[in-house]
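One-based numbering, in listed order, for ligands and for the atoms of each.
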Amino acid sequence: MADKAGPHSDLARAQTALSQARHVACLTGAGISAASGVPTYRGAGGALWDGLKVEDWASPEGYARQPERVWRWYSDRRVQLGGISPNAGHAALAEIERRIAGRGGTFTLATQNIDALHQRAGSRNVLELHGSMLRIRCCVCEHARQVGHEPIEEIPACPQCGARMRPAVVWFGEMLPQDVWTAAAEAAAECDVFLTVGTSAVVYPAAGLVEMAAATGGTTIEINLEPTPASRLVDIAIQGKADEVLPELVSGTG
Ligand code: BJW
Ligand code: ZN
């Protein structure tokens with residue numbers, strides 16, 4: 001749990017930095033959704049699906065090899081997502097955005113998560129670095145559409161070109177959406193405070209956002225259950241659960 005002992009604790013320093021900040025950027029990962037019941041990929045509480053690592057499934061090669069199995073995996077996850085809710089960590093980030101926007105600043109939330117829980121908690125300026133489980137797109141042409149939480153048993157064919165549809169997420173070896181990445185990189189480079197929350201900080205280019213923020217002089221704060229490669233880069237590393245630490249951070253922030 002975070003050291004809450006006094007005015008010089010990590011939490012107090014983070015609260016002070018956030019109170020004074022005008023431009024705040026945040027990177028989130030699977031750990032922020034853990035308290036909602038979404039399994040993480042790695043680290044404490046990390047999950048394997050059917051005994052396989054995420055790298056085995058989440059790639060264009062994995063989909064080409066076993067399309068039905070990978071499609072079903074995403075369909076099951078989408079259905080599960082319909083039964084869960086954002087947690088206090090998501091709510092706290094939405095509250096930070098309201099406060100910063102209320103005093104004329106900017107808050108940019110770059111998330112690696114594909115679960116749309118930040119938007120459901122009320123966050124507005126969300127950049128989905130790795131896409132969304134609630135969208136599917138054609139493997140060949142530009143066609144894409146939103147989907148809900150109902151199961152889709154069969155892989156649909158693209159209504160425009162007939163090719164196979166796929167989840168509109170970013171798999172290993174694929175580029176992030178260019179406009180989304182550019183906006184996230186700019187926010188990281190220009191912010192006064194950068195928060196990295198619940199990410200193992202091993203998947204690039206997203207993990208590079210912490211390095212960008214650290215290099216340009218903003219105060220960098222990590223919130224994670226355990227140390228990560230980002231821990232040695234940041235000014236303040238708070239060990240604890242995102243759904244507990246973030247509300248505490250907000251409660252002491254103007
Ligand atoms: C809590 C908590 C609580 C728990 N409170 N904390 C070397 C070799 C091979 C490849 C590469 C390489 N170097 C770089 C690459 C490229 C690769 C990469 O980074 N690989 C590394 C694994 C080595 N990156 C890519 O391929 C990316 N594209 C790219 O680089 O394009 C350029 C390029 C193109 C062609 C060739 C080469 C380069 C794309 C990456 C796409 C990642 N996609 C996934 C799957 C999404 C779809 C799906 O979910 O199905 O995105 S992988 C998976 O990892 C998912 C996540 O967004 C991502 C990051 O994970 P995250 O969010 O950090 O979660 P975890 O589980 O790792 O960590 C959770 C953390 O929370 C832990 O630290 C816990 O302790 C903590 N925690 N509970 C607070 N309650
Ligand atoms: Zn198509």
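- Checking Leu176, Ile238, Leu225 against atom 4 (C) of ligand 1, the nearest heavy atom belongs to Leu225.
- Taking only nitrogen or oxygen atoms, main chain and side chain alike, Lys241 does not reach within less than 3.5 Å of ligand 1.
- Here Glu61 does not pair with Arg65 in a salt bridge; the nearest charged N to carboxylate O distance is not below 4.0 Å.
- The distance criterion of under 3.5 Å between nitrogen or oxygen atoms is met by Ala242 with respect to ligand 1.
- Although no hydrogens or angles enter the test, the distance criterion places no donor-acceptor pair under 3.5 Å between the side chain of Ser75 and the main chain of Arg72.
- Considering backbone and side-chain N/O of Tyr74, one or more are found under 3.5 Å from N/O of ligand 1.
- Residue Asn113 has no N or O atom closer than 3.5 Å to an N or O atom of ligand 1.
- Within ligand 1, counting atoms from 1 as listed, the ones closer than 4.0 Å to a heavy atom of Phe172 are 17 (C), 20 (N), 22 (C), 26 (O), 52 (S).
- Taking every non-hydrogen atom of Ala30 and a distance limit under 4.0 Å, the qualifying atoms of ligand 1 come out as 61 (P), 62 (O), 64 (O).
- Side-chain atoms of His149 never come within 3.5 Å of backbone atoms of Val79 as a donor-acceptor pair (strictly under, hydrogens ignored).
- The side-chain heavy atoms of Val70 and Trp171, taken from C-beta on, include a pair separated by under 4.5 Å.
- The atoms of ligand 1 that sit less than 4.0 Å from any heavy atom of Trp171 are 39 (C), 41 (C).
- Nearest to atom 29 (C) of ligand 1 by heavy atom, out of Arg77, Met175, Glu244, Glu174, is Glu174.
- For ligand 1, the atoms closer than 4.0 angstrom to any heavy atom of Gly29 are 62 (O).
- Looking at Val140 and Cys158, their side chains never come closer than 4.5 Å, going by heavy atoms from C-beta outward.
- Residue contact annotation: Gly131 has no non-hydrogen atom under 4.0 Å from ligand 1.
- Taking the side chain as every heavy atom from C-beta outward, Leu11 and Val245 approach each other to under 4.5 Å.
- In terms of N/O distances under 3.5 Å, ligand 1 is approached by His130.
- Applying the 6.0 Å contact sphere to CZ of Arg98 captures more than 12 heavy atoms from other residues, nucleotides or ligands.
- Which of Gly173, Gly208, Ala34, Pro39 comes nearest to atom 26 (O) of ligand 1 through a heavy atom is settled by distance: it is Gly173.
- Note: an N/O pair closer than 3.5 Å links Tyr204 and ligand 1 by distance alone.
- On a distance-only criterion, Ala35 and ligand 1 share no N/O pair closer than 3.5 Å.
- Here the angle centred on the Zn ion (ligand 2), running from SG of Cys158 over to SG of Cys141, is 100°, rounded to 10°.
- Nearest residue to atom 44 (C) of ligand 1 from Val169, Val203, Val170 is Val170 (criterion: closest heavy atom).
- In this structure, a donor-acceptor pair under 3.5 Å is absent between the side chains of Ser85 and His90.
- Taking the centre and axis of the six-membered ring of Trp73, the NZ or CZ atom of Arg77 falls inside the cone set by 45° and 6.0 Å.
- Here the side chains of Arg78 and Leu134 are in contact, with some heavy-atom distance below 4.5 Å.
- Ligand 1 has an N or O atom lying under 3.5 Å from an N or O atom of Gln112, backbone or side chain.
- For the pair His143 and Cys161, the minimum side-chain heavy-atom distance is 4.5 Å or more.
- Rounded to 10 degrees, the SG-metal-SG angle spanning Cys138 and Cys161 at the Zn ion (ligand 2) equals 100°.
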